[in-house]
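Just follow the structure's listing: the first ligand is 1, and inside any ligand the first atom is 1. From a predicted model like this one, the values you see are computed outputs, not experimental measurements.
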Amino acid sequence: MSEIITVKPDKLIERILTLELVRVTERAAVSAARLRGRGDEKAADQAAVDAMRRELNRLPIDGTIVIGEGERDKAPMLFIGEKVGNKNGPKVDIAVDPLEGTTLCAKDMPGSIAVMAMAEAGTLLAAPDLYMQKIAVGPGYPEGIIDLDAPIEDNIRNLAKAKGVEPHEINTLILDRPRHAELISRIRAMGAGIRLISDGDVAGVIFTANPEQTGIDLYVGIGAAPEGVLAAGALRCIGGQMQGRLIFDTEESRTRAASMGVTDFNKRYDMNELASGDVIVAATGVTDGGLLKGVHFGKDVITTETIVYRSATGTVRRIYAEHRELAKFFLD
Ligand code: VTB
Ligand code: MG
Ligand code: MG
């Protein structure tokens, strides 16, 4: 069967890059996993960043980091504006979270991943490192079923109606933070259940895409903005709905965002504005989790599990890999 192309052919990212992204997140995950459970978040994060940068620079792309680990002065992290790739290829935007869930990794708790997205240049929201208010559901609902600005009760009731269940049967996932206390008590007052997670809301959003398996219908709450763009990229490939709004709580954050091109500080971004072009998203498990298995170190083989999404065709692949040379030569 021929591919269903939803983006103009000349706007498509070369699909061969799908596998290249897998290589990048695999190596970042293996490097971080070597420091799993050591209680050192910074060291694990740095290991993932170094591996990701090295692999990105091998790719035939003319890439710019639009979502990274901070600003130029905070080097040696992958910084916003950093150029990556060998320049022999398309101009692309890159969003990275080399180690999403650093605390989970440092404590060897479930759910840390290495994740990145690549899209045609100029199509990923260059989200500054701020908080973002988010709401997301999976595919199969009528357009506009969720509304970031509506009371949570309305969102849950509408979702229940569309799904053909009672409101208390809608399961919501929320980051376990004091800032969500009111949201949590209002949902519980409806008799509905909430899954609280300590970190990892990229996977949290993705869980809504597969409610039968994950038990999650809805994601809401305030998390980090970069994670919002990465999650939107993945959800676009599967076809859910998501909205986000950047939170500006300081003058400095407004100045910084303005320098990155943000003009409307109250803008509600739709999923297709967070990631608008042909996008590829890859994530490899670092610790075992609900979305992905983590890195396993055998005597002669290291195994990884990666999920890779491509929006042009809505393809989702899971790639289970065995790495022999990494194990044999103790490469990072
Ligand atoms: C969330 C979570 C991430 O940051 O986005 C969170 O999903 C938001 O920040 O895994 P706070 O921890 O300050 O609430 C992470 O925990 C780390 O990137
Ligand atoms: Mg993160
Ligand atoms: Mg991170």
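Grouping the Ile, Leu, Val, Met, Phe, Trp and Tyr side chains by contacts below 4.5 angstrom, directly or via other members, places V30 apart from L35.
Side-chain contact check for T304 and H323: at least one donor-acceptor pair (N or O, by modelled atom type) lies under 3.5 Å. Side chains of T103 and E41: a donor-acceptor N/O pair is present below 3.5 angstrom, by distance only. Side-chain polar atoms of T306 and T25 form no donor-acceptor pair below 3.5 angstrom.
Regarding atom 12 (O) of ligand 1, its nearest protein heavy-atom neighbour is R177 NH2, 2.9 Å. Here the protein heavy atom with the shortest distance to atom 18 (O) of ligand 1 is E227 OE2, 2.7 Å. Of the protein's non-hydrogen atoms, the one nearest atom 2 (C) of ligand 1 is G200 N, 3.5 Å. Scanning the protein for heavy atoms near atom 7 (O) of ligand 1, the closest one is D201 N, 2.5 Å. In this structure, the protein non-hydrogen atom closest to atom 9 (O) of ligand 1 is Y131 CE2, 3.4 Å. When only non-hydrogen protein atoms are considered, atom 3 (C) of ligand 1 lies nearest to E100 OE1, 3.5 Å. For atom 15 (C) of ligand 1, the nearest non-hydrogen atom of the protein is D199 OD1, 3.8 Å. Closest to atom 8 (C) of ligand 1 among all protein heavy atoms lies A224 N, 3.6 Å.
The two residues G200 and L175 have their closest heavy-atom pair at N-CD2, 4.4 Å.
Annotation: S198 places no N or O atom under 3.5 Å from an N or O atom of ligand 1; distance criterion only.
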Check the pair N86 / R58 against side chain to side chain contact (heavy atoms under 4.5 Å, CB included), numbers first and verdict last. CA-CA 6 Å; N86 68 12; R58 287 184 177 151; over 6 Å; no
Step by step, would you call V84 with L78 a side chain to side chain contact (heavy atoms under 4.5 Å, CB included)? CA-CA 9 Å; V84 291; L78 273 162; 4.2 Å; yes
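For the pair V220 and K134, the minimum side-chain heavy-atom distance is 4.5 Å or more.
Atom CG in L125 sits 9.0 Å away from atom NZ in K267 (nearest 0.5 Å). For the atom pair CD1 of I65 and CE of M52, the computed distance is 8.5 Å after rounding to the nearest 0.5 Å.
For T102, no heavy-atom contact with ligand 1 is shorter than 4.0 Å. With a 4.0 Å heavy-atom cut-off, ligand 1 is reached by no atom of E41.
Only protein atoms were considered; those of element N, O or S under 2.8 Å from the Mg ion (ligand 2) number 3.
Residue R318 places its CZ atom among more than 12 non-hydrogen atoms of other residues, nucleotides or ligands, all under 6.0 Å distant.
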